[in-house]
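A quick write-up on the structure given underneath.
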Amino acid sequence: YRSEMNFTWESLAAAQETLNGLYEVASDFDEVHKYADIDWERDFLDAVGQDMNMPKALGILHDMLRANIAKPVKAATLFKMDEILGLKIRENAKFMLKIPDEVLALAAERDALRRQKKFVKADHMRIKIEKMGYIVEDQEKKTKVLRKL
């Protein structure tokens, strides 16, 4: 919080993608343990306590998500960390839940149109999906569909 930040639209887009990834991870948790992992929580709080070292704290959060710990404990730890971050991960995760089959079918059809280089029709399909309340993200080999938040 003491250093200047260099704002760019690219960094904002990357931050949004990371946040969407956290929502997606959280939507995969079926249950939440009663207690967070105390070691990960301590490391996270230590980083935050070091003059608000948020890059280090976020690194610890991502390391914890990759760690080999039980999913319910991982969920509890993520949600505990989010009490500091205030990203409302638990609340927003529900928006990342199962995409309806109808929307997935439209996305698959759109992928086929893109492979056939029928880009105008693919763009119309994107608009149709977005009107249904979803965001279309083009990736290298397929289309990713997310619920609008």
Side-chain angles (χ1 to χ4, degrees), residues 1-112 114-115 122 125-149:
Y1 72 95
R2 291 184 187 203
S3 59
E4 285 187 34
M5 293 182 69
N6 183 23
F7 174 83
T8 64
W9 291 109
E10 293 80 18
S11 63
L12 180 64
Q16 183 64 58
E17 187 154 328
T18 300
L19 182 59
N20 288 345
L22 288 174
Y23 293 156
E24 209 169 326
V25 166
S27 72
D28 194 39
F29 293 136
D30 297 327
E31 60 181 280
V32 180
H33 196 274
K34 188 174 179 179
Y35 299 106
D37 184 293
I38 195 157
D39 294 326
W40 286 106
E41 184 181 358
R42 181 195 64 238
D43 292 348
F44 178 82
L45 291 173
D46 285 347
V48 171
Q50 293 172 5
D51 212 16
M52 296 288 288
N53 190 344
M54 297 313 288
K56 182 176 181 181
L58 291 172
I60 290 168
L61 181 147
H62 286 284
D63 288 345
M64 181 276 299
L65 290 174
R66 288 188 294 271
N68 188 20
I69 57 176
K71 279 177 72 170
V73 175
K74 198 176 282 191
T77 308
L78 174 63
F79 298 147
K80 187 71 174 173
M81 291 174 176
D82 190 40
E83 289 176 13
I84 302 292
L85 298 172
L87 301 173
K88 298 184 179 182
I89 294 171
R90 183 187 294 234
E91 295 87 344
N92 287 309
K94 66 183 175 190
F95 291 108
M96 305 305 273
L97 295 175
K98 185 174 177 351
I99 306 295
D101 291 338
E102 178 186 3
V103 175
L104 293 175
L106 290 172
E109 186 177 337
R110 183 174 178 278
D111 282 340
R114 287 178 62 219
R115 282 192 299 277
M125 193 71 62
R126 170 194 290 277
I127 293 167
K128 185 174 183 177
I129 293 169
E130 288 177 350
K131 283 183 179 177
M132 296 172 78
Y134 298 87
I135 297 170
V136 176
E137 289 183 0
D138 293 329
Q139 297 182 337
E140 198 171 310
K141 296 192 182 209
K142 67 176 191 163
T143 300
K144 184 175 185 179
V145 180
L146 302 170
R147 190 178 306 268
K148 285 184 185 177
L149 298 178

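As the structure is a prediction and not an experimental result, all values here were calculated from the model.
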From [X] atom [atom1] to [Y] atom [atom2], the distance as rounded to the nearest 0.5 Å:
X	Y	atom1	atom2	value
Met64	Phe44	CE	CZ	9.0 Å
Glu102	Ile129	CD	CD1	10.0 Å
Lys56	Leu58	NZ	CG	12.5 Å
Tyr23	Asn92	OH	CG	4.0 Å
Met81	Ile60	CE	CD1	7.0 Å
Ile69	His33	CD1	NE2	11.0 Å

Can you find a heavy atom in the side chain of [X] that is under 4.5 Å from one in the side chain of [Y]?
X	Y	result
Asp138	Arg126	yes
Leu85	Leu61	yes
Val32	Arg90	yes
Phe29	Leu78	yes
Lys74	Val25	no
Leu22	Leu65	yes

List the atom of [X], the atom of [Y], and the distance in Å for their closest heavy-atom pair.
X	Y	answer
Arg110	Ala122	NE-O, 3.1 Å
Ile89	Ala26	CG2-CB, 3.5 Å
Ala57	Val48	CB-CG2, 3.8 Å

_Would you call the rings of Trp9 and Phe7 parallel, tilted or perpendicular, taking 30° and 60° as the class edges?_
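The arrangement is perpendicular - the two ring planes meet at more than 60°.
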Does the [X] side chain pair with the main chain of [Y], one donor and one acceptor, at a distance under 3.5 Å?
X	Y	value
Lys34	Ala76	no
Asp37	Asp39	yes
Asp82	Leu87	yes

_Taking side chain to side chain donor-acceptor pair (under 3.5 Å) as the cut-off, I'd like each qualifying pair that reaches into residues 57-73, sequence neighbours left out, listed once._
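For residues 57-73, and leaving out neighbouring residues, the side chain to side chain donor-acceptor pair (under 3.5 Å) pairs sorted by first residue read Asp28-Lys71, Asp63-Arg66.
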*For Asp46, all residues meeting side-chain hydrogen bond (donor to acceptor under 3.5 Å, both in side chains), sequence neighbours excluded*: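 Partners of Asp46 by the side-chain hydrogen bond (donor to acceptor under 3.5 Å, both in side chains) criterion come out as none, since no residue qualifies.
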*Sequence neighbours excluded - salt bridge (charged side-chain N to carboxylate O under 4.0 Å, His left out) pairs with any residue from residues 13-23*: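 Checked against salt bridge (charged side-chain N to carboxylate O under 4.0 Å, His left out) - neighbours excluded - no pair reaches residues 13-23.
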_Could you check whether atom CG of Leu12 has more than 12 heavy atoms from other residues, nucleotides or ligands sitting under 6.0 Å from it?_
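Counting neighbours around CG of Leu12, more than 12 heavy atoms of other residues, nucleotides or ligands fall under 6.0 Å, so yes.
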*asked:* Before you tell me yes or no, could you show the steps for Glu109 and Lys128 under salt bridge (Lys or Arg N to Asp or Glu O under 4.0 Å), namely the whole-Å CA-CA distance, both residues' side-chain angles and the distance that decides it to 0.1 Å?
replied: CA-CA 12 Å; Glu109 186 177 337; Lys128 185 174 183 177; over 6 Å; no
